[in-house]
Amino acid sequence: MTDVTDRIGNVTRQRYEQLVTQAKKLIAQIARSQISLGDVALEVEPMRAMGGSMPNGTDDLFTVTESLQMFADDIGVERRTVEDWRYSANRWPEKRRKEGVSFTVHRILASVVDEDER
């Protein structure tokens with residue numbers, strides 16, 4: 001008979017450890033995907049000074065909000081999510097990103113103004 005402590009939930013302790021390893025890899029993929037999606041959004045709409053070069057749009061150009069809304073709609077996420085990805089990717093250029101650190105931590109620390117402190 002299998003001892004109760006040999007199981008976690010419906011799986012053996014060994015299988016549980018395998019699932020934890022797999023889950024950690026998937027979570028790392030999610031974090032990399034979110035920041036990479038921010039890079040894509042930055043390519044669609046680079047960060048500009050407040051007011052930017054086309055703050056009100058024209059007949060030929062979209063506003064930043066309109067472009068990001070279209071992008072968000074086309075990929076099936078909320079615009080605010082795209083804006084978070086974009087802002088975080090901008091504040092954390094690829095050379096400054098930390099492997100193994102969640103996107104959420106990068107997003108939170110993105111608000112730190114001083115780059116050296118960030």
Side-chain angles (χ1 to χ4, degrees):
M1 176 176 227
T2 303
D3 190 62
V4 174
T5 59
D6 290 341
R7 298 188 72 76
I8 297 175
N10 196 47
V11 296
T12 65
R13 179 169 292 282
Q14 180 181 4
R15 179 63 181 145
Y16 175 81
E17 295 299 331
Q18 292 170 342
L19 293 170
V20 166
T21 299
Q22 179 183 357
K24 285 180 178 181
K25 289 177 184 175
L26 292 169
I27 288 168
Q29 287 175 359
I30 290 168
R32 283 190 303 274
S33 294
Q34 288 173 307
I35 204 92
S36 294
L37 286 161
D39 291 334
V40 171
L42 276 170
E43 188 171 339
V44 172
E45 278 296 345
M47 299 299 277
R48 297 180 178 88
M50 201 58 123
S53 62
M54 45 187 165
N56 298 318
T58 67
D59 291 342
D60 298 335
L61 299 173
F62 294 99
T63 64
V64 171
T65 300
E66 290 168 338
S67 296
L68 293 178
Q69 183 65 59
M70 178 183 282
F71 181 63
D73 291 345
D74 287 343
I75 66 171
V77 298
E78 294 292 324
R79 188 187 81 237
R80 184 71 196 134
T81 300
V82 170
E83 291 170 344
D84 282 347
W85 293 336
R86 177 176 168 257
Y87 178 74
S88 297
N90 180 67
R91 298 292 281 179
W92 289 100
E94 193 168 344
K95 66 185 184 301
R96 298 206 58 217
R97 296 175 190 165
K98 304 296 180 201
E99 185 69 31
V101 175
S102 73
F103 173 78
T104 301
V105 170
H106 281 96
R107 186 188 63 202
I108 290 168
L109 294 177
S111 64
V112 175
V113 177
D114 184 332
E115 246 183 79
D116 293 331
E117 186 179 335
R118 187 175 345 114

Using links of under 4.5 Å between side-chain heavy atoms of ILVMFWY residues, direct or through other members, which residues join M47 in one cluster? L42, Y87
N/O donor-acceptor pair under 3.5 Å between R91 side chain and V112 backbone: yes
W92 (side chain) donor-acceptor with H106 (main chain) under 3.5 angstrom: yes
Where [X] and [Y] come nearest, the two heavy atoms and their spacing:
X: D114; Y: D116; answer: OD1-N, 2.9 Å
X: A41; Y: L68; answer: O-CD2, 4.3 Å
X: A89; Y: G38; answer: CB-C, 3.5 Å

If I take atom [atom1] from residue [X] and atom [atom2] from residue [Y], how far apart are they, to the nearest 0.5 angstrom?
X: F62; Y: F71; atom1: CZ; atom2: CZ; value: 14.0 Å
X: Q22; Y: I27; atom1: CD; atom2: CD1; value: 11.0 Å
X: D84; Y: R79; atom1: CG; atom2: CZ; value: 11.0 Å
X: Q29; Y: S36; atom1: CD; atom2: OG; value: 11.5 Å
X: R32; Y: D39; atom1: CZ; atom2: CG; value: 13.5 Å
X: Q14; Y: R7; atom1: CD; atom2: CZ; value: 12.0 Å

Student check: side-chain heavy atoms of E17 and T21 closer than 4.5 Å: no
Side chains of I8 and R13 in contact at under 4.5 Å (non-hydrogen atoms): yes
Is there a path from I35 to I30 through hydrophobic residues (I, L, V, M, F, W, Y) whose side chains come within less than 4.5 Å of each other? no
Under 4.5 Å between side-chain heavy atoms, hopping through other hydrophobics if needed: is there a path connecting V105 to I108? no
Is the closest side-chain donor-acceptor distance between R15 and Q18 under 3.5 Å? yes
V77 pairs by side-chain contact (heavy atoms from CB on, under 4.5 Å) with which of D74, D73, I75? I75
Using the side chain to side chain donor-acceptor pair (under 3.5 Å) criterion, which residues pair with R107? Sequence neighbours excluded. none
Any ion pair linking R86 and E83 (charged N to carboxylate O, less than 4.0 Å)? no
